[in-house]
Amino acid sequence: MAEITPQDAVPLSESEIVAARRAKLKRFRDELGFEPYGQRVDGLLPLNEARTRFSEDAHLAFDAASKEAKISGGVPSDSRATIKVAGRIVQHRDMGKLVFLFLRDATGDLQVSISKSAVEASAWELAKAADYGDILVTEGPIGRTQKGEVCIWATSVSLGAKSLAAPPEKWHGLSDPELRYRKRYVDMYANPETAKVFAMRSRIVSRIRRFMDARGFLEVETPVLQPLAGGAAARPFTTHHNALGMPLFMRVAPELYLKRCMVGGLSKVYEINRNFRNEGIDRSHNPEFTAMEVYQAFGDYGTMMELTESLIHELAVSMVPERQAAGLPVEAEGPVLPWGDLAINYAKPFVRVTFEELFRRGVGVDMRDFAAVRAKAREHGLHHEAKLDDWLVVNALFEELAEALIDPARPTFVTDYPSAVSPLTRPSRSDPALCERWDIFIGGMEIGPAYTELNDPDVQLAKFTEQLKGADDEESTFRSLDEDFVEALRVGMPPAGGLGIGIDRLVMLMTGSTSIRDVILFPLLKSMGSSGAAAAEGPTA
RNA sequence: GAUUGCGUAGCUCAGUCGGUAGAGCAGCGGCCUUUUAAGCCGUAGGUCCUGGGUUCAAAUCCCAGCGCAAUCACCA
């Protein structure tokens with residue numbers, strides 16, 4: 001195997017900015033003796049925590065002692081805390097024999113002041129020549145400057161990593177949305193609010209887990225690679241297992257496996273799951289997205305409604321201090337979290353309205369009067385109406401006219417959907433035309449449905465079979481009957497409530513993000529140029 | 001998939017009626033021990049997204065393509 005030298009890795013041509021940075025890297029290593037890619041450092045403080053170590057008293061005492069020492073020629077006593085930090089340089093001001101720079105980490109920014117007289121010659125050269133984007137490690141007492149800026153007065157400086165890439169604009173950051181998504185690693189340090197959103201997302205997901213765990217649910221993991229893509233009527237991504245010679249699908253939902261868990265005796269389970277749907281991309285859809293599915297034995301859709309309302313309300317309450325800390329608008333009463341043009345009020349109880357009532361208000365006729373429904377459908381230009389089943393026409397009209405009546409500024413449960421459009425749901429005990437299902441809408445987005453689950457294997461099999469008949473040629477290539485699932489139901493699944501919540505959309509609402517790409521670290525974009533096209537061809541060997 | 005808009009230096013953006021390609025930041029060389037988007041002097045940096053077309057002349061007008069965004073469609 002040939003030795004790879006750093007020179008081999010250098011591109012043939014690069015911008016003068018990059019060339020200048022490479023020259024500095026060489027100089028730092030060869031002339032100044034710094035390892036440009038750093039080493040282990042213990043005892044580092046996050047920058048926001050470092051800032052809290054500042055003491056005005058210690059600063060003033062040191063200031064006074066310094067002046068005295070200047071006259072008497074002694075060494076001033078210093079009670080300031082000495083701390084060690086690391087961060088990326090986001091500002092660099094060279095004043096001659098004094099360098100001010102700002103370091104940034106995920107917790108915030110902190111100034112470092114480097115005086116030529118306070119550090120070794122090599123460290124001084126490093127401080128002078130350091131670039132925007134370099135990762136720096138520094139140690140020293142924390143004080144402030146004449147202008148009052150809290151800072152570390154460096155006594156040592158070293159490199160954590162030399163940055164060889166041309167940095168974004170230091171004031172505007174990275175604003176081109178395409179570049180922000182393609183180079184998220186730059187976006188995250190150049191635009192601090194980006195990193196804040198992802199830190200918030202992490203805490204939100206963590207709170208969801210604590211909420212579920214506190215209620216006695218077990219978190220489980222079920223297959224992403226499935227021989228049959230069941231649990232939702234969405235187009236799956238297809239793949240293949242070489243050793244088994246077996247076609248596989250990326251899951252569109254974990255539902256059928258979580259129900260198998262119920263059959264097995266895990267009576268309260270949840271999974272925070274990545275799903276994959278081979279469909280369009282827009283502000284609220286990414287091909288892979290995160291959901292949480294929940295199943296509770298001997299619960300029903302009412303159990304799931306209480307759980308969902310409590311969870312979302314609790315999350316919204318927890319966002320009040322989060323958003324205040326991040327400088328985002330918020331009202332504690334409710335609470336009210338602004339989102340886009342809306343001020344969404346998460347006060348309990350959430351709005352509840354039946355599908356039938358909303359249909360009557362939105363469409364103006366009784367949904368069971370199919371003649372009137374079809375007349376309305378023609379009136380509103382649903383031209384393929386004649387080909388559709390009665391209830392599908394009802395559903396289409398509902399989505400067209402009734403959903404718009406839902407107040408986007410209030411979380412709203414729409415309950416008791418027509419049974420005919422909900423194959424995995426148990427029909428209503430009081431009215432067989434309806435089923436025990438609700439959907440929750442917030443901000444005009446569907447956040448998730450919940451069902452009283454169907455656990456009668458014969459009814460389930462009949463519904464699956466009926467659904468398959470309705471599938472067109474394309475659908476039938478990936479839709480097939482999950483016989484093992486029906487077999488599991490024959491073993492006996494307890495009655496249960498089930499729930500699915502879109503975590504990305506919930507995080508959008510909680511963090512004030514109006515695009516799903518702003519809450520997914522690396523959203524899918526088309527690949528660029530020929531290398532991307534070649535990669536899409538797959539392995540050739 | 002459709003429509004509209006955008007694509008100019010590493011980044012953020014100007015570019016008038018079609019007539020030699022511009023600024024700020026970043027970079028490079030200087031000066032400066034208290035800056036807050038530091039400042040000052042000097043300097044370098046371009047496949048104007050790609051490919052065609054119209055024209056004496058195209059960043060600019062036209063066509064096609066690529067990428068991104070918004071809206072719509074699709075997504076129970």
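Below, read A as the first sequence line, B as the second, and so on, with proteins coming before strands; counting in each chain starts at 1.
- Atom P of nucleotide B:U36 and atom CZ of A:Arg51 are separated by 17 Å, given to the nearest angstrom.
- Note on A:Arg144 versus A:Glu56: salt bridge recorded, some NZ/NE/NH1/NH2 to OD/OE distance being below 4.0 Å.
- Using a 4.5 Å heavy-atom threshold, the side chains of A:Ile114 and A:Leu101 count as touching.
- Ring centroid separation for the pair A:Trp438 and A:Phe355 does not come in under the 6.0 Å cut-off.
- An OP1 or OP2 oxygen of B:U36 is reached within less than 4.0 angstrom by no side-chain nitrogen or oxygen of A:Gln111.
- Of the C1' atoms belonging to B:C48 and B:C13, the separation is 14 Å, rounded to the nearest Å.
- Nucleotides B:A59 and B:G22 are separated by 13 Å at their P atoms, to the nearest Å.
- Across all strands shown, A:Ser422 has no heavy atoms under 4.0 Å from either base or sugar-phosphate atoms.
- As rounded to the nearest Å, B:U4 and B:C41 have P atoms that lie 48 Å from one another.
- Searching all strands for a Watson-Crick or G-U wobble partner of B:U20 with both distances below 3.5 Å returns nothing.
- For the segment residues 271-290 of chain A, residues with any heavy atom less than 4.0 angstrom from an atom of RNA chain B are, sorted by number, A:Glu279, A:Gly280, A:Asp282, A:Arg283, A:His285.
- The existence of a salt bridge linking A:Glu288 and A:Arg274 is confirmed by a sub-4.0 Å separation between a basic side-chain nitrogen and an acidic carboxylate oxygen.
- The pair A:Glu125-A:Lys128 does not count as a salt bridge, with every side-chain nitrogen at least 4.0 angstrom from each carboxylate oxygen.
- Residues A:Arg368 and A:Asp431 are paired through a salt bridge, judged by an N-O separation under 4.0 Å between the basic side chain and the carboxylate.
- Comparing B:G29 with B:C17, their C1' atoms sit 42 Å apart, to the nearest whole Å.
- A:Arg437 is linked by a salt bridge (charged side-chain N to carboxylate O under 4.0 Å, His left out) to A:Asp439, counting only residues two or more places apart in sequence or in another chain.
- Residue contacts shown for A:Arg437 are limited to sugar-phosphate atoms, with no base heavy atom under 4.0 Å away.
- Minimum atom distance to the side chain of A:Asn395 is reached by B:A76, of the listed B:A26, B:A76, B:U12.
- If you check B:U33, B:G10, B:G67 against the side chain of A:Ala166, the one that comes closest is B:G10.
- Taking the C1' atom of each, B:U47 and B:A70 are spaced 29 Å apart, rounded to whole Å.
- Nucleotide B:A2 is matched to B:U71 when pairs are restricted to Watson-Crick or G-U wobble geometry with both distances under 3.5 angstrom.
- In this structure, A:Ile89 places its CD1 atom 17 Å from C1' of B:A37, rounding to the nearest Å.
- Here A:Tyr417 lies out of heavy-atom contact (under 4.0 Å) with every strand.
- Taking 4.0 Å as the cut-off between side-chain N and carboxylate O, A:Lys196 and A:Glu193 do not count as a salt-bridged pair.
- In summary, A:Arg251 and A:Glu271 engage in a salt bridge, as defined by a charged side-chain N under 4.0 Å from a carboxylate O.
- Distance from the side chain of A:Gln146 is smallest for B:U34 among the nucleotides B:U34, B:G67, B:A69.
- Looking only at atom types and distance, the side chain of A:Glu293 has a donor-acceptor partner in the side chain of A:Tyr295 under 3.5 Å away.
- Contact annotation: A:Arg182 reaches the phosphate of B:C68 (side-chain N/O to OP1 or OP2, under 4.0 Å).
- In this structure, the nucleotide among B:A69, B:C11, B:U33 sitting nearest to the side chain of A:Met95 is B:U33.
- For B:U36, the base has no donor-acceptor partner in the side chain of A:Gln91 [N/O atoms by modelled type, under 3.5 angstrom].
- What separates CD1 of A:Ile516 from C1' of B:A69 is a distance of 16 Å, to the nearest Å.
- Between the CZ atom of A:Phe102 and the C1' atom of B:U34 there is a distance of 12 Å, given to the nearest Å.
- Toward the 5′ end of RNA chain B lies the nearest nucleotide of A:Pro168, the other residue of the pair A:Arg93 and A:Pro168 mapping further downstream.
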Report, one pair per line, the protein and nucleotides 40-42 of chain B atoms (nitrogen or oxygen only) whose separation is under 3.5 Å.
none

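- For A:Arg93 and A:Phe100, the positive end is not near the middle of the six-membered ring at less than 6.0 Å and at most 45° from its axis.
- Taking 4.0 Å as the cut-off between side-chain N and carboxylate O, A:Asp300 and A:Arg426 do not count as a salt-bridged pair.
- The P atoms of B:A38 and B:G27 are separated by 11 Å, rounded to the nearest whole Å.
- Shown here are the ring pair (Phe, Tyr, Trp, His ring centres under 6.0 Å) partners of A:Phe102, two or more places apart in sequence or in another chain: there are none.
- Counting any heavy atom pair closer than 4.0 Å across all strands shown, A:Trp153 reaches a base atom.
- The side chain of A:Lys170 contributes no N or O atom lying less than 4.0 Å from OP1 or OP2 of B:C25.
- Using Watson-Crick or G-U wobble geometry with both donor-acceptor distances under 3.5 Å, B:A9 finds no partner in any strand shown.
- Counting non-hydrogen atoms under 4.0 angstrom, A:Glu399 reaches the backbone sugars and phosphates but no base.
- Residue contacts shown for A:Leu525 are limited to sugar-phosphate atoms, with no base heavy atom under 4.0 Å away.
- Taking the P atom of each, B:C32 and B:G15 are spaced 40 Å apart, rounded to whole Å.
- Looking at residues two or more places apart in sequence or on another chain, you find a side-chain contact (heavy atoms from CB on, under 4.5 Å) between A:Asp518 and A:Arg180, A:Tyr181, A:Ser513, A:Ser515.
- Atom pair A:Tyr181:OH and B:C68:P shows a separation of 12 Å (rounding to whole Å applied).
- Across B:A38, B:U12, B:C68, the shortest atom-to-atom separation from the side chain of A:Leu179 is found for B:U12.
- With both pairing distances under 3.5 Å, B:A14 is matched to nothing as a Watson-Crick or G-U wobble pair.
- A:Tyr132 and A:Tyr189 have perpendicular rings, their planes meeting at more than 60° on a 0 to 90° scale where under 30° would count as parallel.
- For the pair A:Gly173 and A:Arg144, nearest-nucleotide mapping onto RNA chain B gives the more 5' position to A:Gly173.
- One atom, CD1 of A:Ile447, and another, P of B:C75, lie 19 Å apart when rounded to the nearest Å.
- Rounded to an integer number of Å, the gap from CG of A:Asp518 to C1' of B:A70 is 14 Å.
- Nucleotides B:G7 and B:C40 have their C1' atoms positioned 36 Å apart, rounded to a whole Å.
- Nucleotide B:C40 forms a pair with B:G30, judged by Watson-Crick or G-U wobble geometry with both contacts under 3.5 Å.
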Every protein N/O within reach of nucleotides 27-31 of chain B N/O, cut-off under 3.5 Å:
from, atom 1, to, atom 2, distance (Å)
B:C28, OP1, A:Lys24, NZ, 2.8

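- Look at A:Ser175 and you'll find a side-chain N or O under 4.0 angstrom from OP1 or OP2 of B:U12.
- In this structure, the nucleotide among B:U34, B:A76, B:G10 sitting nearest to the side chain of A:Thr145 is B:U34.
- Between the NZ atom of A:Lys116 and the C1' atom of B:C32 there is a distance of 12 Å, rounded to whole Å.
- Using a cutoff of 4.0 Å between basic side-chain nitrogens and carboxylate oxygens, A:Asp134 and A:Lys24 are not scored as salt-bridged.
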